[in-house]
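These notes concern the structure reproduced below.
Just so you know, ligand 1 is whichever comes first in the structure, and atom 1 is the first atom listed for that ligand. Keep in mind that this is a model prediction, so the values were computed, not measured.
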Amino acid sequence: MAVERTFSILKPDATERNLTGAINALIEGAGLRIIAQKRMRITRAQAETFYAVHSARPFFGELVDFMISAPVVVQVLEGESAIAKYREIMGATDPAKAAAGTIRKVHAKSIGENSVHGSDAPDTAAREIAQFFSGNEIVG
Ligand code: ATP
Ligand code: MG
């Protein structure tokens, strides 16, 4: 076990429904620390870069349109095994398949509008954190 950092986004469906505090309470309740956080509107170019791995998927256009449809909250989370722990408390991509009590089960609207993003591996976490935060914005 090691202390890790992961990158999180509270997505437009969460900010629109005023759920950022409710989701942060679930994050902190799981023992993860929010060591950087800012609310912003991301540009189309930022969204396309962020989800470039999905650019060939049929839902890519819809995904980018959704991510720029309202503000998001970008975060860095820190804790023991933070990457896997956050994926666990987020729940499955499709809220209908997510475990009881997970963020997506409790709050997500659909497989597309699913409230949160979390990095899936150490290399993607480092890349995603660097896309949105400079070092002096992260205070552990
Ligand atoms: P994220 O990367 O946002 O943390 P994830 O790792 O659970 O989510 P991915 O397979 O990486 O899931 O998909 C990225 C995002 O693309 C999903 O969170 C969701 O918003 C959207 N998405 C995935 N599959 C679909 C789909 N079949 N239809 C519509 N949108 C989808
Ligand atoms: Mg993913």
Side-chain angles (χ1 to χ4, degrees):
M1 297 272 276
V3 174
E4 291 176 337
R5 291 178 174 181
T6 193
F7 180 71
S8 162
I9 304 179
L10 311 188
K11 294 184 179 182
D13 68 288
T15 63
E16 277 195 314
R17 290 179 292 152
N18 208 22
L19 291 173
T20 62
I23 294 172
N24 279 350
L26 293 173
I27 290 170
E28 293 183 338
L32 293 168
R33 302 180 71 83
I34 301 166
I35 60 168
Q37 174 169 254
K38 58 189 172 189
R39 183 175 172 110
M40 63 187 296
R41 269 186 187 272
I42 60 174
T43 64
R44 180 171 292 278
Q46 281 176 310
E48 286 173 351
T49 297
F50 184 76
Y51 277 126
V53 67
H54 296 308
S55 60
R57 307 285 285 276
F59 57 80
F60 182 67
E62 182 189 326
L63 175 59
V64 170
D65 287 345
F66 166 60
M67 292 300 291
I68 66 173
S69 67
V72 299
V73 176
V74 293
Q75 303 175 314
V76 181
L77 309 181
E78 186 177 78
E80 284 287 334
S81 304
I83 296 167
K85 180 176 280 185
Y86 190 42
R87 299 283 297 185
E88 185 184 323
I89 68 161
M90 285 164 51
T93 309
D94 180 353
K97 296 179 180 153
T102 59
I103 295 168
R104 284 169 166 165
K105 185 67 171 186
V106 174
H107 294 299
K109 293 169 72 175
S110 66
I111 191 172
E113 301 194 15
N114 61 2
S115 304
V116 283
H117 160 81
S119 307
D120 56 17
D123 60 330
T124 50
R127 189 174 69 234
E128 291 170 2
I129 289 168
Q131 187 185 345
F132 288 98
F133 290 99
S134 55
N136 64 5
E137 293 178 304
I138 303 170
V139 185

Is N114 in contact with ligand 1, taking contact as a heavy-atom separation below 4.0 Å? yes

What's the spacing between I103 CD1 and Y86 OH if we round to 0.5 Å? 4.5 Å

Nearest neighbour of atom 27 (N) of ligand 1 from the list I111, T124, D120, on a heavy-atom basis: I111

Does R87 come within less than 4.0 angstrom of ligand 1, counting non-hydrogen atoms of the residue? yes

Could you check whether K38 makes a cation-pi contact with F133, meaning its NZ or CZ is under 6.0 Å from the centre of the six-membered ring and within 45° of the ring axis? yes

Mark the output for Y51 as yes if a heavy-atom distance to ligand 1 is under 4.0 Å, and as no if none is. yes

Is there a side-chain contact (heavy atoms from CB on, under 4.5 Å) between I27 and Q75? Walk through the geometry before answering. CA-CA 11 Å; I27 290 170; Q75 303 175 314; 3.6 Å; yes

For atom 12 (O) of ligand 1, closest protein heavy-atom neighbour: T93 OG1, 3.4 Å

Atoms of ligand 1 close to G118 [distance to a heavy atom under 4.0 angstrom, numbered from 1]: 4 (O)

Which pairs, with at least one residue in residues 95-131 and sequence neighbours excluded, count as a ring-ring contact (aromatic ring centres under 6.0 Å, His included)? F50-H117

Any N or O of E62 closer than 3.5 Å to N or O of ligand 1: no

Close side-chain approach of T93 and R104, heavy atoms under 4.5 Å: yes

If we only consider heavy atoms of R104, is any one of them less than 4.0 Å away from an atom in ligand 1? yes

Is F59 in polar range of ligand 1, meaning some N or O pair under 3.5 Å apart? no

Answer yes or no: does an N/O atom from H54 fall short of 3.5 Å to an N/O atom of ligand 1? yes

Full working for side-chain contact (heavy atoms from CB on, under 4.5 Å) between I9 and V74: CA-CA 5 Å; I9 304 179; V74 293; 4.2 Å; yes

Report yes or no: does a heavy atom of R57 sit under 4.0 Å from some atom of ligand 1? no

d(I23 CD1, K11 NZ) to nearest 0.5 Å is 10.5 Å

Mind checking side chain to side chain contact (heavy atoms under 4.5 Å, CB included) for E28 and listing every partner two or more places apart, or none if nothing turns up? I34

Heavy-atom nearest neighbour in the protein, as seen from atom 4 (O) of ligand 1, with distance rounded to 0.1 Å: H117 ND1, 2.8 Å

Sub-3.5 Å N/O-N/O distance, G112 and ligand 1: yes

Only heavy atoms of K11, strictly under 4.0 Å: list the atoms of ligand 1 that pass. 3 (O), 17 (C), 18 (O), 20 (O)

If you count heavy atoms of other groups shown closer than 6.0 angstrom to CZ of R33, is the number above 12? no

